[in-house]
J.: 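Pasting a structure below so you can have a look.
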Amino acid sequence: MQTATHYKILVVDDDPDIVEMLQYNLTREGYEVSEAGNGSKAIEVAKAVKPDIILMDVMMPVLDGVAACRQLREMDEFRNTHIIFLTARSEEFSEVAAFEAGADDFITKPIKPRALLSRLAAFTRRDALQEEENKVIEVGDLRIDRTSFAVYKGDTKITLPKKEFELLSFLAATPNKVFSREELLNNVWGTDVYVIARTVDVHVRKVREKIGEENIKTIKGVGYKFNND
């Protein structure tokens with residue numbers, strides 16, 4: 001189980017003052033911090049240091065945060081990395097675009113160090129709980145192995161990003177039970193993370209594209225359930 005002192009964080013922002021402030025507060029808390037000034041450099045540094053968490057500004061030169069996030073999620077080694085966007089209120093920023101790209105959360109500037117540290121602690125707590133719940137869920141021809149974050153359909157292995165995997169395993173753990181979007185947000189993303197209900201729809205659609213339409217059913221006006229009939 002990792003603690004803050006074992007977590008590596010990559011801070012990506014083209015504002016040196018913000019980078020310095022974040023680096024100071026995160027280092028003092030026990031995190032190991034690296035930095036980058038744009039999305040392209042972020043990908044380069046991420047490949048070198050393998051961070052557990054990436055704090056990523058949205059509007060940056062060379063390569064913006066959304067594009068950088070999308071590229072990172074296409075690499076196997078960053079499918080389970082927590083990626084949190086840093087956004088200014090004045091920016092034209094789509095939450096849906098962020099989550100489509102693979103973001104786990106976003107934090108609005110100006111950044112309050114105490115709130116940021118609380119948000120990061122929520123991610124580390126969920127990681128710890130996930131480690132304690134390691135087990136295999138088998139429903140029909142699907143096998144969900146929490147120890148390796150792998151999904152098998154028959155003999156075919158399907159690799160899912162972290163949040164898609166957590167959503168699928170949560171639904172499959174209680175087949176035929178209907179969960180509202182709010183319940184899924186609270187249980188998969190957590191109450192400490194700000195995300196919108198549409199995020200659930202986006203992730204369900206992505207999971208269905210990979211495992212098939214038949215397993216996750218939409219209950220109109222209510223939410224979703226995992227069907228094992």
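Below, all heavy atoms of this structure are taken into account, side chains as well, without hydrogens, waters or symmetry copies.
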J.: Under a 4.5 Å side-chain heavy-atom rule over Ile, Leu, Val, Met, Phe, Trp and Tyr, are Leu86 and Met21 clustered together?
T.: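 Yes; Met21 is reachable from Leu86 via cluster members.
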J.: So which atom in Pro61 and which in Asp14 form the shortest heavy-atom distance, rounded to 0.1 Å?
T.: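 What the structure gives for the nearest pair is CD-OD2, 3.4 Å.
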J.: Report yes if some heavy atom in the side chain of Leu168 is under 4.5 Å from a heavy atom in the side chain of Asn215; otherwise report no.
T.: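 No, every pair of side-chain atoms sits at 4.5 Å or beyond.
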J.: Linking I/L/V/M/F/W/Y whenever any side-chain heavy atoms sit under 4.5 Å apart, do Leu167 and Ile158 land together?
T.: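 Same cluster: Leu167 reaches Ile158 through Ile, Leu, Val, Met, Phe, Trp or Tyr contacts under 4.5 Å.
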J.: Check Cys69 against Ala103 and note the closest heavy-atom contact, atom names and distance.
T.: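 Answer, listing the atom of Cys69 first, then Ala103: SG-N, 3.8 Å.
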J.: Working to the nearest 0.5 Å, report the span between CD1 of Ile53 and OH of Tyr7.
T.: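 Going from the CD1 atom of Ile53 to the OH atom of Tyr7 covers 6.0 Å.
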J.: Could you see if Leu63 belongs to whatever hydrophobic cluster contains Phe85? Use Ile, Leu, Val, Met, Phe, Trp, Tyr and a side-chain cutoff under 4.5 Å.
T.: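 Linked within one cluster.
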J.: Rounded to the nearest 0.5 Å, what separates atom NZ in Lys162 from atom OG1 in Thr81?
T.: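 Answer rounded to 0.5 Å: 9.5 Å.
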J.: Just how far is it from atom NZ of Lys157 to atom CG of Asp155, taken to the nearest 0.5 Å?
T.: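 Between atom NZ of Lys157 and atom CG of Asp155 there are 13.5 Å.
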J.: Does NZ belonging to Lys153 count more than 12 external heavy atoms closer than 6.0 Å?
T.: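 Enclosed: over 12 neighbouring heavy atoms sit under 6.0 Å from NZ of Lys153.
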J.: Determine yes or no for a side-chain-to-main-chain donor-acceptor pair under 3.5 angstrom, with Thr27 supplying the side chain and Tyr24 the backbone.
T.: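 Here the side-chain-to-backbone pair does not exist.
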J.: Checking ring-ring contact (aromatic ring centres under 6.0 Å, His included) for the pair Phe170/Phe179: CA distance, chi angles, key distance, verdict?
T.: CA-CA 10 Å; Phe170 179 78; Phe179 292 94; 4.8 Å; yes
J.: Look up atom OG1 in Thr199 and atom CZ in Arg181, then write down how far apart they are to the nearest 0.5 Å.
T.: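 If we round to the nearest 0.5 Å, Thr199:OG1 and Arg181:CZ are 11.0 Å apart.
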J.: More than 12 non-hydrogen atoms from neighbouring residues, nucleotides or ligands closer than 6.0 Å to CZ on Arg198, yes or no?
T.: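 12 or below, so no.
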J.: Is the closest side-chain heavy-atom distance between Glu166 and Trp189 below 4.5 Å?
T.: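 Side-chain contact under 4.5 Å: no.
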J.: Quick check: do Met59 and Asp64 have side-chain heavy atoms less than 4.5 Å from each other?
T.: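 They are not in side-chain contact.
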J.: Rounded to the nearest 0.5 Å, how far apart are NZ of Lys217 and CG of Asn176?
T.: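 Output value for this atom pair is 11.0 Å.
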J.: Please determine whether the number of non-hydrogen atoms from other residues, nucleotides or ligands lying under 6.0 Å from atom NZ of Lys50 exceeds 12.
T.: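 Above 12, so yes.
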J.: Which atom pair, heavy atoms only, marks the closest approach of Pro51 to Ala46?
T.: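 Heavy atoms of Pro51 and Ala46 come nearest at CD-O, 3.5 Å.
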J.: If you define the side chain from C-beta out and look only at heavy atoms, does anything of Gln23 sit under 4.5 Å from Ile18?
T.: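 No. Closest side-chain heavy atoms not under 4.5 Å.
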J.: Between Asp104 and Arg119, does at least one N-O distance fall below 4.0 Å, as a salt bridge requires?
T.: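 No, no charged N to carboxylate O under 4.0 Å.
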J.: Please report the interatomic distance NZ(Lys163) to CG(Asp105), rounded to the nearest 0.5 Å.
T.: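 Taking NZ in Lys163 and CG in Asp105, the distance rounds to 9.0 Å.
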J.: Check step by step if side-chain contact (heavy atoms from CB on, under 4.5 Å) holds for Arg208 and Thr218.
T.: CA-CA 11 Å; Arg208 282 171 169 164; Thr218 301; 2.7 Å; yes
J.: Going through the checks in order, is the side-chain contact (heavy atoms from CB on, under 4.5 Å) test met by Asp145 and Ile137?
T.: CA-CA 7 Å; Asp145 188 343; Ile137 300 173; over 6 Å; no
J.: For Gly154, is there any backbone N or O sitting under 3.5 Å from a side-chain donor or acceptor partner on Arg143?
T.: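 No; judged by distance alone, with no hydrogens or angles, the pair does not exist.
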J.: Any non-hydrogen side-chain atom of Ile84 less than 4.5 Å from a side-chain atom of Ile107?
T.: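 Yes, close enough: below the 4.5 Å cut-off.
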J.: I'd like to know if the side chain of Gln71 and the backbone of Ala68 have a donor-acceptor N/O pair within less than 3.5 Å.
T.: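 It does not hold such a pair.
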J.: Kindly say whether Glu100 contributes a backbone atom to a donor-acceptor pair with the side chain of Arg70 at under 3.5 angstrom?
T.: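 Such a contact is absent between Arg70 side chain and Glu100 backbone.
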J.: Which atom names give the shortest non-hydrogen contact between Phe123 and His82, and what distance separates them?
T.: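 Closest approach of Phe123 to His82, heavy atoms only: CD2-ND1, 3.4 Å.
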J.: Would you say Leu55 and Leu26 make side-chain contact, with heavy atoms under 4.5 Å?
T.: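 Side-chain contact under 4.5 Å: yes.
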J.: Would a 4.5 Å heavy-atom cut-off, applied to side chains only, mark Val33 and Lys8 as touching?
T.: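 Val33 vs Lys8: side chains apart.
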J.: Report the C-alpha separation of Arg79 and Thr159 in whole Å, then their side-chain angles, then the decisive distance to 0.1 Å, and conclude whether the side-chain contact (heavy atoms from CB on, under 4.5 Å) test is met.
T.: CA-CA 9 Å; Arg79 290 184 184 275; Thr159 302; 3.4 Å; yes
J.: Do Met75 and Phe149 belong together in a cluster built from hydrophobic side chains that touch within less than 4.5 Å?
T.: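 The answer is yes; both residues are in one hydrophobic cluster.
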J.: Show your reasoning for whether side-chain contact (heavy atoms from CB on, under 4.5 Å) applies to Ile144 and Val136.
T.: CA-CA 5 Å; Ile144 303 166; Val136 175; over 6 Å; no
J.: Among side-chain atoms of Asp201 and Tyr224, is any donor-acceptor pair under 3.5 angstrom?
T.: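 Per modelled atom types, Asp201 and Tyr224 side chains form a pair under 3.5 Å.
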J.: Which pair of non-hydrogen atoms, one from Val49 and one from Ser34, has the smallest distance, and what is that distance?
T.: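 Closest pair (atom of Val49, atom of Ser34, distance): CG1-OG, 3.8 Å.
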J.: Less than 4.5 Å apart, side chain to side chain, heavy atoms only: is that true for Ile54 and Ile9?
T.: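 Result no, sub-4.5 Å side-chain heavy-atom pair not found.
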J.: Can you name the one residue among Thr87, Val66, Leu72 that meets side chain to side chain contact (heavy atoms under 4.5 Å, CB included) with Met56?
T.: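 For Met56, the side chain to side chain contact (heavy atoms under 4.5 Å, CB included) check succeeds only for Leu72.
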J.: NZ of Lys112: more than 12 outside heavy atoms within 6.0 angstrom?
T.: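 No, NZ of Lys112 has 12 or fewer neighbouring heavy atoms, counting only those of other groups under 6.0 Å.
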J.: Please say which of Leu117, Asn25, Asp52 ends up in a side chain to side chain contact (heavy atoms under 4.5 Å, CB included) with Tyr31.
T.: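 Result for side chain to side chain contact (heavy atoms under 4.5 Å, CB included) with Tyr31: Leu117.
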J.: Donor-acceptor check, side chain of Ser180 to backbone of Glu183, threshold 3.5 angstrom: yes or no?
T.: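 Yes, the answer is positive, given that a donor and an acceptor are paired below the 3.5 Å cut-off.
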J.: Looking only at heavy atoms, what is the nearest atom pair of Pro161 and Lys210, with distance?
T.: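 Looks like CD-NZ, 3.6 Å.
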J.: Return the orientation label for the Phe99 and Phe106 ring planes: parallel under 30°, perpendicular over 60°, tilted otherwise.
T.: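 Phe99 and Phe106: tilted rings.
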